[in-house]
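Proteins get letters first, then strands, A, B, ... in listed order; numbering begins at 1 in each.
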Number of protein chains: 2
Amino acid sequence: MARLKTHDEALRLRLINRAAATVFDRGAGALSLRRLAADVKTSTTAVYSLFGNKAGLIDSLYQEAVRLFLARLTAVRPSDDPAADVVRLGIAYRDYAVANPHLYGIVFADRLDYEPTPERLNEAGSTIQPLVDAVARGQAAGQFKDGSAEVIALSCWGAAHGLVSLELSGNAPTGLDIGAVYEETLHAVVSGWRARAGDGGHSAPPPRP
Amino acid sequence: MARLKTHDEALRLRLINRAAATVFDRGAGALSLRRLAADVKTSTTAVYSLFGNKAGLIDSLYQEAVRLFLARLTAVRPSDDPAADVVRLGIAYRDYAVANPHLYGIVFADRLDYEPTPERLNEAGSTIQPLVDAVARGQAAGQFKDGSAEVIALSCWGAAHGLVSLELSGNAPTGLDIGAVYEETLHAVVSGWRARAGDGGHSAPPPRP
DNA sequence: AGCCGACAGTAACAGTGTTATCAATGCTCT
DNA sequence: AGAGCATTGATAACACTGTTACTGTCGGCT
């Protein structure tokens, strides 16, 4: 055919790794295709033939971030106390976010121009599964109210996500031990969804007039 | 002195309003100084003499967004049921965010290149005050555990922020009635922080073995 | 050997934020 | 009144971005 391909899988990996490193310690805003190409000793053409455009590159980073995130969450092995597992999943959630703030940001925050594809959103959505499973096991063990495990899981997910997000963006009040507040919140939410005597459903109490 | 000033307060307002409108319906990423200046029939110089640079302009938008947000929250008048007030504050929180997603994003999410000044962060931090007050009243009425009202408030704040943030970024699972889950979560968190018989402190329960 | 087409680097294009230049302006001083 | 001049603001230049067109290079096939 023609000359040897150099825009191959190896180059693709080098580009992704370099991009991830840049995003990791300077944020997604500091990612420039020209600099990236120069750093990896190739041309901008490589990015376009391998990823289509910048959004495609970020898409791959997004995918990678989700993969790492999911790995961290599935490392939390189910125990015989599902309610405690929920708390431990929450702690793993924060561990990941604090360790990789910018990668976390690509998936759950910083969103600049980039809009993830529905496919990526689906992948990201799947990271809630370990939590849903833990809640379902908790329900089976009588630790949580009956009803949709997804609802209870999303509730815990939201609490975790919210505090982590406030912490990373600097919007959390200073002078508080955020780690401690975080754990207390997880316990409070879990406690709020605990099955209580004479309470079976999961519907909210009627609004006050 | 010299020629008549046209880069005055009136122009400043027109620029802010136009910028807010652009951000409101096309996001902060679509804000260009050149377009903004052209739209308002002036030159880019105006932005620099009035705001310093683009960050200064966004800083003003940030301030405006916080002002609107605080107005929405203080519109929730304290009732004789502080725990219900906490829930109502949470609902007002979401109402604002859903009504003004991009302005909300400037303060609590989208963060592109822009880093808010400590002063702005302080102002944003003050928006939690109505919630802290409600929690404190609830503690006085025996509805919440004793301990730091800030901690309990931040806990509720985080839950609200998390779910709203997931919703706006499209990371919430589809097929669920988010509004309903949101309210249920608020009730669950409030319930989790409720004072219970024989429980005075606010420390987390000991981890199960 | 010669050729043709896939390939990849260079350079051009349209846009951005920012800054330097410079003409227009109206007060102040002679 | 008229000249001078500091202040003001629009224009144009600069350095950067993502993206695309171009063009020279290369290697297998005829």
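Annotation: side chain of Thr185(A) is not in contact with side chain of Ile152(B) (no heavy-atom distance under 4.5 Å).
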| Along nucleotides 13-24 of chain C, 5' to 3', which nucleotides get a B, which get an S, and which get a -, given that the test is a protein heavy-atom distance under 4.0 Å? | ---BBBB----B
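For dA8(C), neither phosphate oxygen OP1 nor OP2 lies less than 4.0 angstrom from any side-chain nitrogen or oxygen of Ser49(A).
Rounded to a whole Å, the CG atom of Leu50(A) is 11 Å from the C1' atom of dA8(C). Rounded to a whole Å, the CG atom of Leu36(A) is 13 Å from the P atom of dT19(D).
With sequence neighbours excluded, the residues that form a side chain to side chain donor-acceptor pair (under 3.5 Å) with Asp85(A) are Ser79(A), Arg88(A), Arg137(A). A search for salt bridge (Lys or Arg N to Asp or Glu O under 4.0 Å) contacts involving Glu123(B) returns Arg120(B), not counting sequence neighbours. Every residue meeting the ring pair (Phe, Tyr, Trp, His ring centres under 6.0 Å) condition with Tyr104(A), not counting sequence neighbours, appears here in chain and number order: Tyr93(A), Phe108(A).
Of the possible polar contacts, none joining the Asn100(A) side chain to the Leu103(A) backbone as a donor-acceptor pair under 3.5 Å is found. For Ser155(B) (side chain) and Val151(B) (main-chain N/O), no donor-acceptor pair under 3.5 Å exists by modelled atom type.
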| said: Determine whether His7(B) and Thr42(B) satisfy the following criterion, side chain to side chain contact (heavy atoms under 4.5 Å, CB included), listing intermediate values before the conclusion. | reply: CA-CA 9 Å; His7(B) 291 182; Thr42(B) 179; 3.9 Å; yes
| Run the side chain to side chain contact (heavy atoms under 4.5 Å, CB included) check on Arg94(A) and Glu167(A) step by step: do they pass? | CA-CA 10 Å; Arg94(A) 176 165 175 265; Glu167(A) 178 181 2; 2.9 Å; yes
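Shown here for Trp157(B) and Leu131(B), the closest heavy-atom pair between the two residues is CE3-CD2, 3.6 Å.
For the 3.5 Å distance criterion, the side chains of Gln129(B) and Asp133(B) qualify, holding a donor opposite an acceptor.
A rotation axis mapping the C1' atoms of four pairs onto the next four is fitted at both ends of the helix from dA1(C)-dT30(D) to dT30(C)-dA1(D) over five pairs, and the angle between these axes is 30° to 10 degrees.
In the region residues 5-15 of chain B, proximity to DNA chain C at under 4.0 angstrom, judged on heavy atoms, holds for none of the residues.
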